**Student:** 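A single structure is presented below for examination.
Both counts, for ligands and for their atoms, begin at 1 and track the order of listing. Given the structure is predicted, the values throughout are model-derived calculations rather than measurements.
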Amino acid sequence: MKGLTDRIAIVTGAAQGIGRAVAERLYEEGMCVVVADVDGEAAEAIAAGIGPEDRVLGLECDVSEKLDVRNLLAATLNAFGDVHVLVNNAGIVGGGDFLELTEDDFDRVLRVNLKGAFLLSQAVARHMVERVKEGDKPGTIVNMSSINAVFALPSQVPYSLSKAGISQLTRVCALSLAPHGIRVNAVGPGSIDTAMLASVNRDPAAKRMVLSRTPMGRIGEPSEIASIVAFLASDEASYMTGQTVYADGGRMPLNYVMPSS
Ligand code: NAI
């Protein structure tokens, strides 16, 4: 896609699932990619499987730790000299019944899913703004939201809150960075076939429930989210900022229940 070749991307939570598919897709688009994950060994192994060390680097980073975020940016600049695309994908689920939820449950999910995206966006945007002042082309940020930014899940209170926060982070960052030409958008997936969905895939009743709300009648593939990330990061989306694009097999417009067996 236009404007990606030879540029440099950081993808967080990229050792598996959607993040891994995004890293693979951006590499195929000709980018250098940092595969960042709290599981550093897995990040290194996945990076080595995607491409050579001078194009793909696996780095350990807990996005909720400011020092890790600073080190990730420094290591990226050290290896590749710049960063043009940030994909804030790292995320965890966690929760339980609202009445039983602990403060720790709440903090853990919000720290990774929302604070992590804020810390990285701020650190990378500061670098991007300096590069724009030096005459470089503005970079872009893509956040991983969810249909749960809009749909409330009572069993996933902190998760739902974190994703609603991601949509608003996307909008406030878009407005803050628009004067510098830096675009910020998000993707909001429905149910995608990753480890995060394993409990649904294992349980036929849970899977039927998901499909009863999915007009396209199937779970999505990580590559179907990666292609939207690539589009939003590319110059093909040059007039889009502050948007969340939902890819959910038609779930959000649905106002009835699909027959499912
Ligand atoms: P996953 O569980 O397969 O992968 C998440 C990755 O993030 C893992 O490699 C994990 O090690 C990493 N990670 C966890 N905590 C981290 C931290 N503190 N710092 C850095 N990395 C960390 O999940 P999946 O499904 O690939 O999800 C990716 C993103 O997509 C998440 O933000 C999730 O909320 C979102 N999403 C997923 C959906 C799905 O159906 N799978 C639906 C909607 C949104």
**Student:** Among A149, S162, G190, S146, which residue places a heavy atom closest to atom 38 (C) of ligand 1?
**Tutor:** G190
**Student:** Please give me the minimum heavy-atom distance between M144 and K163, naming the atom from each residue.
**Tutor:** O-NZ, 2.9 Å
**Student:** Kindly work out whether a path of hydrophobic side-chain contacts (I/L/V/M/F/W/Y, heavy atoms less than 4.5 Å apart) joins L114 to F106.
**Tutor:** yes
**Student:** Take atom CD of E236 as the centre, draw a 6.0 Å sphere, and report whether it contains more than 12 heavy atoms from other residues, nucleotides or ligands.
**Tutor:** yes
**Student:** Within a 6.0 Å radius of atom CE on M258, are there more than 12 heavy atoms belonging to other residues, nucleotides or ligands?
**Tutor:** yes
**Student:** Are any of the side-chain nitrogens in E224 or R218 under 4.0 Å away from the carboxylate oxygens of its partner?
**Tutor:** yes
**Student:** I'd like to check which ligand 1 atoms, numbered from 1 as shown, lie under 4.0 Å from a non-hydrogen atom of A90.
**Tutor:** 20 (C), 21 (N), 22 (C), 32 (O)
**Student:** Is V63 touching ligand 1 with its side chain, its backbone, both, or neither, if touching means heavy atoms under 4.0 Å apart?
**Tutor:** both
**Student:** Does V35 share a hydrophobic cluster with L120, counting links as ILVMFWY side-chain heavy atoms below 4.5 Å and allowing steps through other members?
**Tutor:** no
**Student:** Ignoring hydrogens and angles, tell me if any N or O in the side chain of T12 forms a donor-acceptor pair with the backbone of N89 under 3.5 Å.
**Tutor:** yes
**Student:** Hey, which atoms in ligand 1 end up nearer than 4.0 Å to a heavy atom of G91?
**Tutor:** 5 (C), 31 (C), 32 (O)
**Student:** Considering non-hydrogen atoms of the protein only, which is the closest contact for atom 31 (C) of ligand 1, and what is the distance?
**Tutor:** N89 O, 3.2 Å
**Student:** Would you mind listing which atoms of ligand 1 come within a distance below 4.0 Å of any non-hydrogen atom of I18?
**Tutor:** 26 (O), 30 (O), 37 (C)
**Student:** What residue and heavy atom of the protein are closest to atom 34 (O) of ligand 1, and at what distance?
**Tutor:** Y159 OH, 2.6 Å
**Student:** Check each of R20, M31, M1 against R25 using the side chain to side chain contact (heavy atoms under 4.5 Å, CB included) test, and report the only one that passes.
**Tutor:** M1
**Student:** Just go through I166, D62, D37 and tell me whose heavy atom is the nearest to atom 9 (O) of ligand 1.
**Tutor:** D37
**Student:** Could you tell me whether some N/O pair between Q16 and ligand 1 is separated by less than 3.5 angstrom?
**Tutor:** yes
**Student:** At a 4.0 Å cut-off, with the gap strictly under it, does some heavy atom of L197 reach an atom of ligand 1?
**Tutor:** yes
**Student:** Of the protein's non-hydrogen atoms, which lies at the shortest distance from atom 41 (N) of ligand 1, and what is that distance?
**Tutor:** T194 OG1, 3.1 Å
**Student:** Measure the shortest side-chain to side-chain distance between N88 and S121 over non-hydrogen atoms and say whether it is less than 4.5 angstrom.
**Tutor:** yes
**Student:** Has ligand 1 got any nitrogen or oxygen that is less than 3.5 angstrom from a nitrogen or oxygen of S64?
**Tutor:** no
**Student:** Considering only protein heavy atoms, which is closest to atom 7 (O) of ligand 1, and at what distance to one decimal place?
**Tutor:** G13 CA, 3.3 Å
**Student:** Just let me know how I92 lines up against ligand 1, side chain, backbone, both or neither, with a heavy-atom cut-off below 4.0 Å.
**Tutor:** side chain
**Student:** Can you hop from V22 to L57 via hydrophobic side chains spaced under 4.5 Å?
**Tutor:** no
**Student:** Is the closest heavy atom of S145 to ligand 1 under 4.0 Å?
**Tutor:** yes
**Student:** Establish, from distance only, whether the side-chain atoms of N143 and T170 form a donor-acceptor pair under 3.5 Å.
**Tutor:** yes
**Student:** Does any N or O atom in S191 lie less than 3.5 angstrom from one in ligand 1, N or O only?
**Tutor:** no
**Student:** Mind listing the closest non-hydrogen atom pair of A125 and I182 along with its distance?
**Tutor:** O-CD1, 4.4 Å
**Student:** May I ask you to list the atoms of ligand 1 that are less than 4.0 angstrom from any heavy atom of C61?
**Tutor:** 19 (N), 20 (C)
**Student:** At what distance is the nearest protein heavy atom to atom 27 (O) of ligand 1, and which residue and atom is it?
**Tutor:** M196 CE, 3.9 Å
**Student:** Compute the minimum heavy-atom distance from K163 to ligand 1 and say whether it is under 4.0 Å.
**Tutor:** yes
**Student:** Has ligand 1 got any nitrogen or oxygen that is less than 3.5 angstrom from a nitrogen or oxygen of P189?
**Tutor:** no
**Student:** Near G17, which atoms of ligand 1 are under 4.0 Å from a heavy atom of that residue?
**Tutor:** 3 (O), 26 (O)
**Student:** With side chain to side chain contact (heavy atoms under 4.5 Å, CB included) as the test, pick out the partner of V34 among L73, V83, T76.
**Tutor:** T76
**Student:** Does any N or O atom in I192 lie less than 3.5 angstrom from one in ligand 1, N or O only?
**Tutor:** yes
**Student:** Answer with yes or no whether G116 contacts ligand 1, where contact means a heavy atom under 4.0 Å from a ligand atom.
**Tutor:** no
**Student:** Write out the residue and atom name of the closest protein heavy atom to atom 30 (O) of ligand 1, then the distance separating them to 0.1 Å.
**Tutor:** M144 CG, 3.2 Å
**Student:** Checking the side chain of N185 only, and the main-chain atoms of M240 only, is there a donor and an acceptor separated by less than 3.5 Å?
**Tutor:** yes
**Student:** For atom 22 (C) of ligand 1, what is the closest protein heavy atom, and at what distance to 0.1 Å?
**Tutor:** V38 CG1, 3.6 Å
**Student:** Supply the members, apart from V210, of the Ile/Leu/Val/Met/Phe/Trp/Tyr cluster built from side-chain contacts under 4.5 Å; use none for a lone residue.
**Tutor:** L197, V200, L211, I219
